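In this text, all values refer to a predicted model and were calculated from it rather than measured experimentally. To find a chain, count down the sequence lines: A is the first, B the second, and so on, and within it residues start at 1.
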Amino acid sequence: MVTNPDLLALITTMKMAGLTTLILLLLGTPLAWYLAKMKSRFKVIIEAIVALPLVLPPTVLGFYLLLAFSPQSLPGQLWQQATGQQLAFSFSAIVIGSVLYSLPFVVQPLQKAFEQLGDSLLEAGAVLGASPIDRFFNIVLPLTKASFITAASLGFAHTVGEFGVVLMIGGNIPGETRVLSIALFVHVEAFNYAKAHLLAGSLLIGSMILLALIYLINFKPLREVKP
Amino acid sequence: MSTLSLDINCQFNGFLLSLKQDLKLKGITGIYGHSGSGKSTLLRIIAGLNNQATGTVKFNDIVLLDSSLVDTILSSNGNRRKKTFIKPQARNFSLVFQDNRLFPHLNVRENLAFAAKRCSHSRLKVSEVLKLTELESLAESSVTTLSGGEQQRVALARAILTEPKLLLLDEPLSALDQNSKNVLLKMLINIQKRLDLPMFYVSHSLDELQQISDNILVLSKGEVVDYGDIHQIIHQLNYAGADSDSDLSQLIIHQQTSLALPLKVNYNQPEDNHGLKTLLLNDLQEIHFPAHLIKDHSTNKQFITTNDLNEQVNLRFFILASDISLCLETTNNSSIVNHLHGVISKIDCSNNNVLITIDCAGQSFFANISSYSLDKLLLKEDQAIYMQFKASAVRTFIT
């Protein structure tokens, strides 16, 4: 049993970010595919909704989610009926909140990759006898691998870094909803700067390493131009 | 023989492709037309890549597309039968695209294996097809480093490995230089014969089509203009009335005889002092042609060699109809080396041009003469006749 509250917050954060990234890849991939292939004008509305967390203050999203998750509202009630537990201020709530909050970070790179890939290789795969699933795993996935890694890393990093949404819908329950960013806030509030430095510094270096890895994966050396 | 029955309409961007035609799946069928005549669209409909087309597409008795049943209430249970549309991956028609569309994350061998793995029969092996398409030395190369001609060869090899019932080729040579074109054309004919694989070959070059196809479908503005034996159709196209509003009426096409029958070539016979070789048409008649036609110019060796005198070789030779002249009697006092004896099987007159079809040892030859000569020689069908042409009038792809 982990007793150190900061370590507990780290474990909660990793659990939340890991689960969120997994759900984002499972939901974001078909959504990005649909947006990349969709020719209808209504596409822009879905795109705008997906991109909303990029511009919206996290507290706004958190506020509406809190209302929706409360036992007085329909989604909250349905959840309670299905699981027997309250949704607001639970681990499940912060995972759902993070999925919505980090959605554009996964959907946008994937959508762009699918758009760039086009249909020509998929048509070639089809006439060679490959089914849609077969084409996805053996043509699309290998050719957009870098974008998947970027999407997953950005989704993960952004989830680790979120604060407002988690605070609004999760509160600060150790081992349940207290994540690193909230633990940091608690230390600063208590003027416990040494502990705050440890958490802030680790988050800074961790994020730096993750981003550097993403850029390394996508790094393509410029070809020398022959005279 | 298999048949592909088409009765389709496809409208997009103000263009209407509308055709009703049964196509025989034998040998190579050329699909000819100008840009925008609907050739590529037709191929995509056959392959199943176009889902906007309405009508029916049938392969023998198998319905690949039938949109007529939509909204028809059927049978006692009142269920609405949905439009029949067999997906491209279930049709087993392979398509070679104009742009090769190779998978860049796979090397040559892996691209071929992709097709072989998804083929249910797997009679052909990757190694066999690599050999057939002369790609053995490039098997482990990345497809992105290959030349255009090599990439198209990989695309062709990959398409063959699905062992399709019909191979569709959408202007596969259009982006290649003349040399690569010749290599691939020869390869296509060789593959067609070896695997007995019916092909539809889309091209806007009639010269290319005359070299490889047996039948031709001519499209213009989304409609079928002609379908049939390539030599007959080309004759009709050549002399289509000037008043025709078809956009094909202004073509100038060089009618050819293509010697596509298996010819017995005595390859072991040394070149004579005059640089000529001989094709044996039958026991009595032979055709002399320049030996350099069957030589590989880069190595100066014969590119087809065989130890068996009787082996049948499917190399195509061509003689332009305008290069053949006709004579009622044979003569030995002529500089012309080829004299063949045959029987007139058909006389087609268009304006002042006459196309005579002559049957000689089971091979049809085409000769163009003027209507003046026709009257002068009093030529009739079933009449015995002598054909004359120079050795240099015999051509192969390399012209």
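- When the shell of 6.0 Å around CZ of Phe15(B) is examined, it contains more than 12 heavy atoms from other residues, nucleotides or ligands.
- Per-residue heavy-atom pair counts under 4.5 Å with chain A were compared for Leu95(B), Leu106(B), Val96(B), Leu168(B), and the maximum is reached by Leu95(B).
- Around the CZ atom of Phe12(B), the shell of radius 6.0 Å holds more than 12 heavy atoms that belong to other residues, nucleotides or ligands.
- In this view, Phe136(A) satisfies the ring pair (Phe, Tyr, Trp, His ring centres under 6.0 Å) rule with no residue, not counting sequence neighbours.
- The side-chain contact (heavy atoms from CB on, under 4.5 Å) search around Pro58(A) returns Tyr101(A), Val165(A), not counting sequence neighbours.
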For side-chain contact (heavy atoms from CB on, under 4.5 Å), just list the numbers for Val127(A) and Phe97(B), CA-CA rounded to whole Å, side-chain angles, deciding distance to a tenth of an Å, and then say yes or no.
CA-CA 10 Å; Val127(A) 293; Phe97(B) 298 88; 4.1 Å; yes
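- If you measure heavy-atom distances from Leu102(B) to chain A, the contacts under 4.5 Å come from the backbone alone.
- Put simply, the side chain of Cys119(B) does not reach to within 4.5 Å of the side chain of Leu128(A), judged on heavy atoms.
- Shown here are the side-chain contact (heavy atoms from CB on, under 4.5 Å) partners of Thr13(A), two or more places apart in sequence or in another chain: Val160(A), Val179(A), Leu180(A).
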Taking only distance into account, so ignoring hydrogens and angles, what donor-acceptor contacts under 3.5 Å exist between chain A and chain B?
{"from": "Ser120(A)", "atom 1": "O", "to": "Arg101(B)", "atom 2": "NH1", "distance (Å)": "3.3"}
{"from": "Glu123(A)", "atom 1": "OE1", "to": "Arg44(B)", "atom 2": "NH1", "distance (Å)": "2.9"}
{"from": "Glu123(A)", "atom 1": "OE1", "to": "Arg101(B)", "atom 2": "NH1", "distance (Å)": "2.8"}
{"from": "Glu123(A)", "atom 1": "OE2", "to": "Arg44(B)", "atom 2": "NH2", "distance (Å)": "2.6"}
{"from": "Ala126(A)", "atom 1": "O", "to": "Gln89(B)", "atom 2": "N", "distance (Å)": "3.4"}
{"from": "Asp134(A)", "atom 1": "OD1", "to": "Arg118(B)", "atom 2": "NE", "distance (Å)": "3.4"}
{"from": "Asp134(A)", "atom 1": "OD1", "to": "Arg118(B)", "atom 2": "NH2", "distance (Å)": "2.7"}
{"from": "Asp134(A)", "atom 1": "OD2", "to": "Arg118(B)", "atom 2": "NE", "distance (Å)": "2.6"}
{"from": "Asp134(A)", "atom 1": "OD2", "to": "Arg118(B)", "atom 2": "NH2", "distance (Å)": "3.4"}
{"from": "Arg135(A)", "atom 1": "NH2", "to": "Gln89(B)", "atom 2": "OE1", "distance (Å)": "3.1"}
{"from": "Asn138(A)", "atom 1": "O", "to": "His105(B)", "atom 2": "NE2", "distance (Å)": "3.0"}

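- The side-chain heavy atoms of Leu143(A) and Phe103(B), taken from C-beta on, include no pair separated by under 4.5 Å.
- Of the listed residues (Gly129(A), Pro142(A), Gly125(A)), the greatest number of heavy-atom pairs within a distance under 4.5 Å of chain B belongs to Gly129(A).
- Phe93(B) touches chain A through its backbone: at least one of N, CA, C or O sits under 4.5 Å from a heavy atom, while the side chain does not.
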